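One structure coming up, written as structure tokens, with questions to follow.
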Amino acid sequence: MKPVFQSASPYKDDIFALPVTDLEATSEWYSTHFGMSEVERLEQPIPTVILKRDHTSLGFAINNGDPSQEGAAIKVSNIEQLKVEFETCGTPLGNCRIDERDGKKYDVFFVVAPDGLCYYFYEPLSDA
């Protein structure tokens, strides 16, 4: 079964204003490594590109934010297959583990993109 991006939540304020410095490089990297597609590009009020995969959209903006302090938690289905997909296209995976929050368990892994943004991919475990 193909992995699906189900939803995303920002670490800070806005899932549509993740800070980057180069929209072209951002669009290319996330298309190649996360399987996302560009769906919109804006110049005003600030340069922004919106990318989408499945049910999830992320926005990247040239807004002078600090990408090392930003990112998103992305809920997915079939996380094991997503790991294989990412490894196949050269996406660097970090820290795969099981997390527990509020009595529920999650299979998780992290990706730090070249722009410095950090992503927490997670899938609830059905036996939790």
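As the structure is a computational prediction, the values presented were derived from the model and not from experiment.
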Tell me, do Thr91 and Val111 make a side-chain contact under 4.5 Å, heavy atoms counted? yes
Report yes or no: is the cationic atom of Arg101 (NZ for Lys, CZ for Arg) under 6.0 Å from the centre of the six-membered ring of Tyr106, at an angle within 45° of the ring normal? yes
Can Trp29 be reached from Leu82 by stepping across I, L, V, M, F, W or Y side chains whose heavy atoms are under 4.5 Å apart? yes
Ion pair check, Arg97 and Asp107, cut-off under 4.0 Å: no
Residues His55 and Gln6: closest non-hydrogen pair is CB-O, 3.7 Å
Any chance you could measure Ser31, atom OG, to Glu38, atom CD, to the nearest 0.5 Å? 7.0 Å
Does atom NZ of Lys52 have more than 12 heavy-atom neighbours from other groups under 6.0 Å away? no
Under the criterion salt bridge (charged side-chain N to carboxylate O under 4.0 Å, His left out), I'd like the reasoning laid out for Lys104 against Glu123: C-alpha separation, chi angles, the key distance, then a yes or no. CA-CA 11 Å; Lys104 297 179 182 174; Glu123 179 178 34; over 6 Å; no
Is there a side-chain contact between Ser27 and Met36 (heavy atoms, below 4.5 Å)? no
Say whether Ser68 and Asp66, considering side chains only, have a donor N or O and an acceptor N or O under 3.5 Å apart. yes
Tell me, please, which residues at least two apart from Phe5 pass ring-ring contact (aromatic ring centres under 6.0 Å, His included). Phe121
Take a 6.0 Å sphere around CD of Gln81 and say whether it holds more than 12 heavy atoms from other residues, nucleotides or ligands. yes
Closest approach of Leu58 and Ala72, non-hydrogen atoms and distance? CD2-CB, 4.4 Å
Ile15 CD1 to Glu70 CD distance, which is reported to the nearest 0.5 Å: 9.0 Å
Is Ile62 reachable from Ile50 through a run of hydrophobic residues whose side-chain heavy atoms are each under 4.5 Å from the next? yes
Can you confirm whether Pro3 sits close enough to Val76 that some side-chain heavy atom of one is under 4.5 Å from a side-chain heavy atom of the other? no
Can Val39 be reached from Val49 by stepping across I, L, V, M, F, W or Y side chains whose heavy atoms are under 4.5 Å apart? yes
By ring-ring contact (aromatic ring centres under 6.0 Å, His included), Tyr11 pairs with (sequence neighbours left out) none
Measuring from Ile74:CD1 to Tyr122:OH, what's the distance to the nearest 0.5 Å? 9.5 Å
Taking the side chain as everything from C-beta on, heavy atoms only, tell me whether Lys105 gets closer than 4.5 Å to Pro124. no
For Val108 and Ile98, what are the C-alpha separation, side-chain angles and deciding distance, and is it a side chain to side chain contact (heavy atoms under 4.5 Å, CB included)? CA-CA 6 Å; Val108 308; Ile98 302 298; over 6 Å; no
Do Glu87 and Leu93 come close enough that some side-chain heavy atom pair is under 4.5 Å? yes
Any pair with a residue in residues 14-25 that passes side-chain hydrogen bond (donor to acceptor under 3.5 Å, both in side chains), sequence neighbours left out, goes on the list, sorted by first then second residue, please. Glu24-Arg41
For Phe109 and Phe86, run side chain to side chain contact (heavy atoms under 4.5 Å, CB included): C-alpha distance rounded to whole Å, both residues' side-chain angles, the deciding distance at 0.1 Å, then the answer. CA-CA 11 Å; Phe109 71 91; Phe86 280 9; 3.8 Å; yes
ring-ring contact (aromatic ring centres under 6.0 Å, His included) filter on Tyr30, not counting sequence neighbours, yields Phe34, Phe60, Tyr119
Point-to-point distance, once rounded to the nearest 0.5 Å, from OG1 of Thr26 to CG of Leu51: 8.0 Å
Return yes if some donor-acceptor pair links the side-chain N/O of Thr56 with the main-chain N/O of Ser7 below 3.5 Å, else return no. yes
With Ile46 via side-chain contact (heavy atoms from CB on, under 4.5 Å) - residues at least two apart: Thr48, Ala61, Asn63
So how far is it from Asp54 CG to Ser77 OG, rounded to the nearest 0.5 Å? 7.5 Å
For the NE2 atom of His33 and the OG1 atom of Thr88, what is their distance to the nearest 0.5 Å? 12.0 Å
Residues forming a salt bridge (charged side-chain N to carboxylate O under 4.0 Å, His left out) with Asp115, sequence neighbours excluded: none
Are there more than 12 heavy atoms of other residues, nucleotides or ligands under 6.0 Å from atom CG of Asn95? yes
